[in-house]
Trainee: 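My structure is below; once you've seen it, I'll send some questions.
Naming: A, B, ... by sequence-line order, numbering from 1 per chain. A quick note: this is a predicted structure, and the numbers were derived from the prediction, not measured.
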Amino acid sequence: MLEDEYQLDFFKDNGFVRKQCSKCGSFFWTRDLDRETCGDAPCDPYSFIGNPVFSREFDIAEMREYYLSFFEAQDHTRIERYPVVARWRDDIYLTIASIADFQPFVTSGQVPPPANPLTISQPCIRLNDLDSVGRSGRHLTTFEMMAHHAFNKTGKEIYWKDRTLELCDELLNSLKLDPFAVTYKEEPWAGGGNAGACVETIVNGLELATLVFMNLKQDKNGTIPIKGETYSKMDNYIVDTGYGLERFVWASKGSPTIYDAIFPEIVNELMGLAGIEHKLNDPEYTNILAQNARLAGLMDVSEKANLFELRKQVASSIGMTVDKLATIMEPVEKVYAITDHTRCLTFMLADGVIPSNVKGGYLARLVLRRTLRMMKDLDIRTPLSEIVDMHIRNMPEYPEFRENFPIIQDILESEEEKFNNTLERGRRIIQKSAKHFKKSGEKIPLSQLTELYDSHGIPPETAKEVASELGVEVEFPDNFYSLIGERQNKAEEKEVEEYPYAERLSHLPKTKRLFYDEPTRMEFEAVVLDVFENNIVLDSTFFYAEGGGQPADSGTIIAGDAVYRVKDVQVQNGVIIHSVDLPEDKLDISKGDMIVGKVDEARRMALARHHTATHIVNDAARKVLGNHIWQAGAQKFEDRSRLDLSHYKHISPDELRQIELLANRTVMENKRVSTEWMPRTEAEQEYGFGLYQGGVPPGDTIRVVKVGDDVEACAGTHCTSTGLVGPIKILRTERIQDGVERLEFAAGNAAVLATQKMEALLTEAAKTLSVPPDQLPASTERFFGEWKNLKKENERLKEDLARAKVFQLLGNAKKIGDLKVVSEIITEADSQELQKIATELIKSEKVVALLASEVEGVKLVAAASKEAIEQGIKAGNLVREMSKLVGGGGGGKPALAMGGGTDPTKINEALNCGLELVKESLAR
RNA sequence: GGGCUCGUAGAUCAGGGGUAGAUCGUCACGUUCGCAACGUGAAGGCCGCGGGUUCAAAUCCCGCCGAGUCCA
């Protein structure tokens with residue numbers, strides 16, 4: 001990065017000098033001629049702790065308001081916060097910075113910003129420093145990034161670097177900050193495919209703001225190298241600032257940690273619940289916290305080794321043993337982390353994240369379970385929802401939190417229960433495993449521990465605790481979790497296949513989509529713009545191309561005498577490609593021809609019905625289940641449609657009926673379905689991000705479809721009024737993931753057919769039982785019960801029969817030595833029956849049984865009573881040899897063995913063989 | 001999106017090609033004025049569903065359904 005980038009008039013005019021930090025070597029600007037270091041930690045310590053930098057203390061709400069009104073007074077428009085779930089992005093789950101609100105379409109210049117310049121305080125969530133939260137005194141999972149943004153274009157500049165620095169400096173001056181305390185450190189910035197110059201605003205060791213001047217984009221052929229990539233200049237250049245709201249509040253208070261600065265009431269409450277005295281007015285106590293925070297500011301405490309080093313340093317500087325310090329700090333750190341994590345959960349859940357085991361939901365569960373684990377450690381038994389309630393009370397500026405509280409409470413309760421179940425299950429699994437290894441006297445091996453964690457969610461710490469209760473040792477390496485990470489085989493990145501005719505298509509204009517203007521017209525004329533293989537490109541079309549979960553239309557294209565069946569329609573960069581069945585070898589069409597297109601109306605209408613029905617069902621589900629319902633995916637077919645919804649528990653049969661009723665009511669109300677093309681930003685502001693249920697469409701204008709109370713950005717074809725959808729019948733539900741429920745339903749004709757099909761099934765089943773359908777449940781229950789009883793009785797009878805046969809069979813027994821050998825064919829007896837008879841026979845003394853029957857081939861059973869076994873008879877061996885003769889195999893235990901084969905003509909031979917074997921065994 | 005684990009009696013689980021088990025709970029009987037406890041006994045199983053391999057599948061293989069869990 002060129003140093004010219006930082007030679008600003010602002011610095012020159014305000015008495016700044018450029019210096020190089022004597023410690024880290026980076027360049028910075030300061031008014032203090034004697035300054036040698038850049039001001040940032042670790043080059044400078046946290047000197048604001050116990051020494052506030054502003055004229056007065058601010059709490060969160062005051063500071064936010066101060067900042068936003070300051071920039072409003074400087075001609076910025078205040079913008080409402082965006083959700084912490086990045087609904088408008090498909091590349092990230094959570095909003096990680098204020099600029100994320102405007103990516104990708106505003107930053108790329110494709111869509112105008114909601115205002116220019118603007119100011120916002122955007123709640124952000126970053127989970128990458130999870131381990132440091134609570135320990136470092138400054139890390140948070142959730143923070144508000146206060147920002148002012150200016151979106152410039154070549155020739156239309158709002159303001160750039162000088163004005164940005166000036167605004168920052170004025171803001172700080174208005175807060176009565178010592179002008180000599182602030183340094184502006186040069187730091188090239190890159191991220192998310194963009195880059196630019198950047199200035200960090202640092203005061204007394206604390207970075208308060210980052211001022212990014214984004215004017216570069218990643219470019220293979222670029223000439224500007226930054227951090228191993230090459231970049232080139234963009235036409236649009238953006239002022240991207242980030243002021244840490246929480247850090248401003250902290251700096252204004254100078255409290256030992258950021259946590260004590262931003263939510264002191266909740267920290268104190270939790271300290272009380274954990275039985276810790278949080279004596280912030282005791283100088284000795286605050287000194288410990290302050291020392292800890294100052295030193296923690298200098299190192300990365302997410303690593304165990306560093307944490308121990310921190311403890312050592314703090315302990316020695318205040319004259320305390322490391323162990324004692326650790327016993328003081330650990331619970332305090334956990335309280336801080338719990339306070340932070342619950343605030344994070346408040347934002348996530350209120351903004352509609354449903355905890356789950358995949359995707360964004362997993363992040364919520366991760367935070368939630370970490371919190372519960374720490375609460376358990378501290379023996380805090382308060383329900384999570386009560387702590388979240390404290391946060392909600394603490395942030396009245398977000399009324400939506402209170403509104404969504406009932407659902408949040410419900411989610412938290414079910415999550416707590418799930419976690420307790422998992423823990424309970426985990427305990428049992430460890431106990432089992434521990435018992436197993438106790439027998440062999442081994443330690444539980446690492447492979448076992450990784451499986452416990454990977455498959456059952458049992459952290460090795462828990463395994464150690466539970467196993468030690470049983471006296472089994474557990475050891476695991478410090479880098480256990482990173483080992484787990486390495487075990488995961490990285491999914492191979494699939495290369496995006498380039499469409500083979502992409503180059504050819506790029507010269508064609510975008511196809512006019514006339515089906516939007518005249519949704520009921522199915523026949524049209526158009527001009528052929530290009531033909532290749534079996535593909536036809538037209539200037540305009542009424543064929544809908546596959547997209548938004550709606551399959552393509554089919555139909556015919558007629559060119560002169562030739563009629564071609566359209567089998568697929570796809571869109572590539574706005575150009576619609578009609579793929580047709582190739583009749584012989586070549587299409588008899590060429591550029592410039594006029595064709596007639598006919599869309600298959602029945603298919604189109606069926607798809608449109610299912611599409612409109614999807615919007616209706618989505619809306620009904622939201623009304624029945626709650627505001628957190630979000631479409632997680634959808635697919636339409638001719639005969640049914642499916643809709644995946646984010647929901648934290650199973651949809652009950654009763655809820656399902658309500659949804660179905662409500663959906664059909666919307667149909668019967670016959671509401672007009674309206675569609676309208678709107679500028680993206682305007683649509684977002686009017687309807688919110690609920691628009692993006694079905695994904696985020698590209699482009700600066702989006703098509704807004706209103707179906708009853710449902711408003712979505714959607715490019716699909718719809719019925720013109722809800723009445724045309726016809727009946728809606730929900731067919732089934734399925735849980736496709738934890739936190740996502742799938743509804744399958746049919747609309748219109750398909751709904752009637754589906755109902756008829758179900759009715760036919762019922763009638764057929766009822767016919768078999770000769771009862772009317774409404775008696776089916778009672779009858780099936782009765783029949784099933786009877787069947788069970790008969791089965792049991794049958795078994796009992798077989799046993800009785802077996803017992804009855806014993807006497808007769810023993811009478812026919814041959815004497816071999818002093819053994820009675822029964823060798824018989826029992827007609828019609830299956831192997832189970834043979835077994836029972838054999839078992840009965842060997843209850844008598846000195847008996848060997850060789851039984852056979854001719855059922856599904858040949859079944860053989862041999863059995864030997866205790867005395868026979870003692871004389872060397874092994875039923876298993878007998879059966880094995882006998883079975884070979886009948887063309888099969890068999891085996892078993894000395895007392896009882898089963899076998900069989902496929903050749904019934906050899907039954908007698910097999911039995912004789914058995915007798916011979918018994919003789920042989922005895923002879924030995 | 002990728003990986004792993006598990007579905008057996010009302011509950012918790014064992015078994016892992018060859019006679020379906022344990023503990024708790026339930027019921028009956030005994031003991032008791034009654035209860036708890038105890039003793040004796042009994043009932044309770046489409047071994048998740050569907051295919052395949054095999055003489056034989058709860059057990060092995062494939063698919064489906066359901067539950068859990070880790071990672072991105």
Trainee: Under 4.0 angstrom, heavy atoms only, what part of the nucleic acid is A:Lys792 near: base, sugar-phosphate, or nothing?
Mentor: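 A:Lys792: backbone/sugar contact only, no base atoms under 4.0 Å.
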
Trainee: Can you tabulate the close N/O pairs, meaning under 3.5 Å, that link protein atoms to atoms of nucleotides 57-65 of chain B?
Mentor:
none

Trainee: What do the steps show when you test A:Arg370 against A:His341 for side-chain hydrogen bond (donor to acceptor under 3.5 Å, both in side chains), and what is the final call?
Mentor: CA-CA 8 Å; A:Arg370 253 182 89 91; A:His341 288 10; 3.2 Å; yes

Trainee: Is there side-chain contact between A:His456 and A:Arg425, with heavy atoms separated by less than 4.5 Å?
Mentor: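 Side chain of A:His456 against side chain of A:Arg425, heavy atoms only: no contact under 4.5 Å found.
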
Trainee: When all nucleic acid strands are considered with a 4.0 Å heavy-atom cut-off, which category describes A:Lys359: base, sugar-phosphate, or nothing?
Mentor: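 Base contact - A:Lys359 has a heavy atom under 4.0 Å of at least one base atom.
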
Trainee: Once you apply a heavy-atom cut-off of 4.0 Å, does A:Lys788 come out as touching a base, just sugar-phosphate, or nothing?
Mentor: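 Result for A:Lys788 = sugar-phosphate.
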
Trainee: Suppose we call a contact any N or O donor and acceptor under 3.5 Å apart; does that hold for the side chain of A:Asn357 and the base of B:rU69?
Mentor: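 Flag set: donor-acceptor pair detected.
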
Trainee: Do the side-chain N or O atoms of A:His650 get closer than 4.0 angstrom to the phosphate oxygens (OP1, OP2) of B:rG66?
Mentor: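 No, because none of the side-chain N or O atoms of A:His650 sits under 4.0 Å from OP1 or OP2 of B:rG66.
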
Trainee: Is there a Watson-Crick or G-U wobble partner for B:rG16 with both distances under 3.5 Å, and if so, which one is it?
Mentor: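 Pairing partner, where one exists within any strand: none, as none qualifies.
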
Trainee: Are the aromatic ring centres of A:Trp88 and A:Tyr692 under 6.0 angstrom apart?
Mentor: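 Centroid distance A:Trp88-A:Tyr692: not below 6.0 Å, so no.
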
Trainee: Show the nearest heavy-atom pair for residues A:Gln448 and A:Ser433, with the distance to one decimal.
Mentor: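 Here A:Gln448 and A:Ser433 meet closest at NE2-OG, 3.3 Å.
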
Trainee: Looking across every strand, which nucleic acid part, if any, lies under 4.0 Å from A:Arg880 by heavy atom: base, sugar-phosphate, or nothing?
Mentor: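 Touches nothing.
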
Trainee: Name the closest nucleotide to the A:Lys893 side chain, picking from B:rU19, B:rU5, B:rG45.
Mentor: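 For the A:Lys893 side chain, the nearest candidate turns out to be B:rU19.
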
Trainee: Measure up the A:Phe784 and A:Trp787 rings against each other and bin them: parallel (under 30°), tilted (30 to 60°), perpendicular (over 60°).
Mentor: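 Correct class here is parallel.
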
Trainee: With heavy atoms under 4.0 Å as the rule, sort A:Gly457 into base, sugar-phosphate or nothing.
Mentor: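 Counting heavy atoms under 4.0 Å across all strands, the contact made by A:Gly457 is with sugar-phosphate only.
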
Trainee: Once you apply a heavy-atom cut-off of 4.0 Å, does A:Gly857 come out as touching a base, just sugar-phosphate, or nothing?
Mentor: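 Here A:Gly857 touches no strand at all.
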
Trainee: By nearest nucleotide on RNA chain B, pick out whichever of A:Lys791 and A:Lys836 is the more 5' one.
Mentor: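 It is A:Lys836 whose nearest nucleotide is closer to the 5' end.
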
Trainee: For a quick test of reading the model, state the closest non-hydrogen atom pair linking A:Leu896 to A:Ala863 and the distance between them.
Mentor: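 A:Leu896 and A:Ala863 have their closest heavy atoms at CD1-CB, 3.8 Å.
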
Trainee: Should A:Lys729 and A:Phe745 count as side-chain neighbours, where that means a heavy-atom distance under 4.5 Å?
Mentor: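 Result no, sub-4.5 Å side-chain heavy-atom pair not found.
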
Trainee: Give A:Ser831 one of three labels, base, sugar-phosphate or nothing, depending on what nucleic acid heavy atoms sit under 4.0 Å from its own.
Mentor: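 If one applies the 4.0 Å heavy-atom cut-off, A:Ser831 turns out to touch nothing in the nucleic acid.
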
Trainee: For B:rA37, which nucleotide in any strand shown is its Watson-Crick or wobble partner with both distances under 3.5 Å?
Mentor: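 Paired with B:rA37, as far as the under-3.5 Å criterion goes, is no nucleotide at all.
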
Trainee: Please work out if A:Val886 contacts a base, only the sugar-phosphate, or nothing of the nucleic acid, heavy-atom cut-off 4.0 Å.
Mentor: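 Touches nothing.
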
